[in-house]
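Keep in mind the model is a prediction, meaning the values are calculated, not measured. As the structure lists them, so they are numbered: ligands from 1, and atoms in each ligand from 1. FYI, side chains are in, hydrogens and waters are out, and symmetry mates aren't considered; it's all heavy atoms of this structure.
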Amino acid sequence: MTPLRAPLPALSAQDLIDFEDDIAREFNEARIRAPVHLYSGNEEQIISIFRGVQPEDWVLCSWRSHYQCLLKGVPQDRLKAEIMAGRSISLCFPEYRVLSSAIVTGVLPIAVGIGLAIRRAGGSNRVHCFMGEMTAETGSAHECMKYCRQWDLPVHWIVEDNAKSVCTDTRETWNTKTLSHEGGNDPNVTYYTYQSKYPHAGAGKRVQF
Ligand SMILES: Cc1ncc(C[n+]2csc(CCOP(=O)(O)OP(=O)(O)O)c2C)c(N)n1
C-alpha cells in the first residue's frame, strides 16, 4: 500500500477551484461518460476543516468528494484519471483513507464501524464523515450520530448545507426554517452553509452519455 501522505498537502482555495473547473470543462465537452458532482463556494470552510484532519484519519464522503480527495493527499493526476474513467460518484482510495458512497447515508454506518474499530484498537486517529443537509435530516443520520455520541466514538460529522436536495428545497420539505444541526453545539458536529455555482450534478450543460 502507498504510504499515507504526511503532512497533508497545503492546497489553496484557488487550487481546489481550478481542479473542479477543469473537471467541469471535461464534463461539458462530453469526455466523462458518467455523472460528476462538483463543489464550489465552500473552499475556505473545507480547508479550515482539514486543518483538523491528520494523515492517519479516515475521511468518508458522499457522491461529491473531489475536494476531500485532494485535501487528503490523493495526487491530482490519479484523482482526475478516476473521474475521467467514470468513477467520480463513488471515489474510494483506501490507501489514502478516503471512502465514498453514492447512496444517501451510505457511508454513515461505515463511519460508525470505523470509529468503533479505532476505539477497540485503542487508536488515537479519527473519522471525518461528510454529508449534505438533507442526508443529515434522515433517521439513519440521527441513529449513527446518537450511537457515536453515546459511546463517545471518535467520529467527527460535517454537515454541508447547500439548502437543496437535488432540486428540492430542504427546509420547505420539512416545513421548517431551521434544520437539525443549525446553531447546534455538539463538539463532534461541524455545520456550515455554502452556495454552489454548479447544479446538483453535472456542470450546467446537458450531456448525453
Ligand atoms: C438511497 C438514495 N436515495 C436517493 C438518492 C438520490 N440522491 C442523490 S443525492 C440526493 C440528495 C441529497 O441531498 P443532500 O444530502 O443535501 O446532499 P447534496 O448533494 O446537496 O450535498 C438524492 C436524493 C440516492 N443517491 N440514494
- Could you please spell out the steps behind the side-chain hydrogen bond (donor to acceptor under 3.5 Å, both in side chains) verdict for R78 and Q76? CA-CA 5 Å; R78 173 114 192 262; Q76 295 207 10; over 6 Å; no
- Show your working on side-chain hydrogen bond (donor to acceptor under 3.5 Å, both in side chains) between D15 and Y67 and close with a plain yes or no. CA-CA 10 Å; D15 293 331; Y67 281 0; over 6 Å; no
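- No option in H181, R171, Q195 other than R171 meets the side-chain hydrogen bond (donor to acceptor under 3.5 Å, both in side chains) test with D161.
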- Output, in order, the C-alpha distance, side-chain angles, deciding distance and verdict of side-chain hydrogen bond (donor to acceptor under 3.5 Å, both in side chains) for E160 and Y194. CA-CA 7 Å; E160 305 179 299; Y194 73 105; 5.3 Å; no
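- One distance of note links CZ of F130 with CG of N42; it measures 9.0 Å at 0.5 Å rounding.
- In this structure, S62 OG and Q68 CD are separated by 7.0 Å, a value rounded to the nearest 0.5 Å.
- Protein residues lining ligand 1, listed by chain and number: W63, R64, A102, I103, V104, G132, E133, M134, T135, N162, K164, S165, V166, H200 [non-hydrogen atoms, distance under 4.0 Å].
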